[in-house]
Amino acid sequence: MNKPLAGIKIIDFTHVQAGPACTQLLAWFGADVIKVERPGSGDVTRTQLRDIPNVDALYFTMLNSNKRSLTLDTKQPEGKAVLEKMIKESDVMVENFGPGALDRMGFTWERIQELNPKMILASVKGFSDGHEYEDLKVYENVAQCAGGAASTTGWWKGDQSGPLVSSAALGDTNTGMHLAIGILTAYIGRQQTGKGQKVAVAMQDAVLNLCRVKMRDQLRLDKMGFLEEYPQYPHESFSDVVPRGGNAGGGGQPGWVLKCKGWETDPNAYIYFTIQGQAWAPICDALGKPEWKTDPLYMTPKARQPHITDIFATIENWLKDKTKFEAVNILRKFDIPCSPVFSMKELLHDKSLRASGSIVEVPHKERGSYWTVGSPIKFSDLKPVITGSPLLGEHTDEVLAELGYNKEQIAAMHASKAV
Ligand code: COA
């Protein structure tokens, strides 16, 4: 099997989600990723949200497959010496410690360059270097609030109004994916210049990058004072900031989450329905409303917008005797962009996702096999084989031996609790 990143050595000094998601992706594609963890405890996610007592939690196993684990106390001199050796022999070091932690450990960017001028140091932080909040530690939902996602998600009126965070890891895994692109870019750059460099992604910036369309809307709002595609238009007033739009598409085509048969008891008996300008005629045909095609009140997006909620209510009426799957099976014949709202349970058992490798079963030494999310990136000449995550320190002796330590030296490091 072709593994394009084979031969790239990565020191994975990451924890929780943002960093591990990045290094896991690189490991899937062939990089040798060595996770450096604190002796005795390791990544905090090994014990967080456990479903089986004394067994690595899914939180850890689902973010650390295809890696090796080395325990190392990098605050002890022997541990520091091992890390220095690793830096000299590796291509990339990835870290997502709190601000300043790596410097306090003695591994400043200047020191790392002294040890290995070809090293690529990749970091995730909450806010970027020099930002007025650069000293803050940041977790997922904090980043969603800092990067604009929360202020533009949710309901704008009623009991449930207020900023809302998404369940998608826009702050964590998304930042890790940005960092992976940065690492590969720096790696290709190194092939041209022979020099390493520091790559950093702030979680705030990565969230903001995904909220680009909301920044677009802010600029349009500044100019026009209203946003035609938001549910507030034309009956409600706009303030000077992009409002939350509920389930509105936020793009060029209005859309909404609509109830299907069984919604009273099934929390996910819904579809997302979009009304795209060019799909209007097929929508009218699918709904059995051919007269809407020529009715001036319905013919154009502008004419429809003032009564768009009534149009969605009519579609919901059409949906009430159809399950979400039956509805989509009808609508797909008319080329209408739509999807069932899938529950996690449905996705976990989805035949297509299992066939494509987007959901995969992985063996684990202690928990047995478990299902996880596989690579969302598909290649014609690479099908990543997802292997189980390592036990804490499973590869400590192996990695130390590869670094040239002999049996006595390794035993001494165990005795001093440096590893
Ligand atoms: N040996 C010795 N010490 C180690 C070690 C090892 N192998 N691994 C970590 N440590 C030490 C660090 O040096 C640090 O020590 P110091 O603060 O005394 O200098 C200490 O462990 C704590 O590290 P820190 O990263 O600050 O952990 P935390 O639990 O306090 O904070 C986060 C967790 C995620 C909030 C923080 O790491 C952070 O803001 N990271 C950047 C943003 C980020 O990635 N957030 C999302 C995570 S999904």
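We count ligands from 1, going down the list as the structure has it; atoms in each ligand are counted the same way.
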- ligand 1 and M203, any nitrogen or oxygen pair closer than 3.5 angstrom? no
- Polar contact flag for P39 and ligand 1 (N/O pairs, less than 3.5 Å): no
- Task: Please check if any side-chain donor atom of W256 sits under 3.5 Å from a side-chain acceptor atom of E316, or the reverse.
- Result: no
- Query: What protein heavy atom is closest to atom 26 (O) of ligand 1, reported as residue, atom name and distance in Å?
  - Reply: K137 NZ, 3.1 Å
- Run the contact test for V36 against ligand 1 with a 4.0 Å cut-off on heavy atoms, strictly below, and give the result. no
- Task: Could you tell me whether D172 approaches ligand 1 through its side chain, its backbone, both or neither, with non-hydrogen atoms closer than 4.0 Å?
- Result: side chain
- Which residue holds the protein heavy atom closest to atom 13 (O) of ligand 1, what is that atom called, and what is the gap in Å? M105 CE, 3.0 Å
- H15 touching ligand 1 at heavy-atom level, < 4.0 angstrom: yes
- Heavy atom under 4.0 Å from ligand 1: found in L72's side chain, backbone, both, or neither? backbone
- Message: To check your reading of the model: name the closest protein heavy atom to atom 11 (C) of ligand 1, its residue, and the distance in Å.
- Response: R38 NH2, 3.4 Å
- Determine whether the side chains of S358 and K378 contain a donor N or O and an acceptor N or O closer than 3.5 Å. yes
- Check the angle between the aromatic planes of F342 and F325 and answer parallel, tilted or perpendicular using the 30° and 60° thresholds. tilted
- For the residue pair Y233 and F226, is the inter-centroid distance of their aromatic rings smaller than 6.0 Å? yes
- Are F29 and F379 an aromatic pair by the rule of ring centers under 6.0 Å? yes
- Message: Using the ring centroid of each side chain, check whether F312 and F273 are separated by less than 6.0 Å.
- Response: no
- Closest to atom 6 (C) of ligand 1 by heavy-atom distance, out of V201, V138, T74, is T74
- Task: Evaluate the side chain to side chain contact (heavy atoms under 4.5 Å, CB included) criterion for residues Q24 and M62: first the C-alpha distance (whole Å), next the side-chain angles of each, then the deciding distance (0.1 Å), finally the verdict.
- Result: CA-CA 9 Å; Q24 174 172 259; M62 293 175 79; 5.9 Å; no
- Item | Ion pair R68/E398, N-O distance below 4.0 Å | yes
- N/O to N/O below 3.5 Å, does that happen between K125 and ligand 1? no
- Compute the minimum heavy-atom distance from Q76 to ligand 1 and say whether it is under 4.0 Å. no
- Please determine if V16 has a nitrogen or oxygen closer than 3.5 Å to a nitrogen or oxygen of ligand 1. no
- Under 4.0 Å, heavy atoms only, figure out whether ligand 1 is touched by the backbone of R104, its side chain, both or neither. side chain
- Task: Answer yes or no for A18: is there a heavy-atom contact with ligand 1 below 4.0 Å?
- Result: yes
- Task: Using a strict cut-off of less than 4.0 Å between a Lys/Arg side-chain nitrogen and an Asp/Glu carboxylate oxygen, indicate whether R220 and D217 qualify as a salt bridge.
- Result: yes
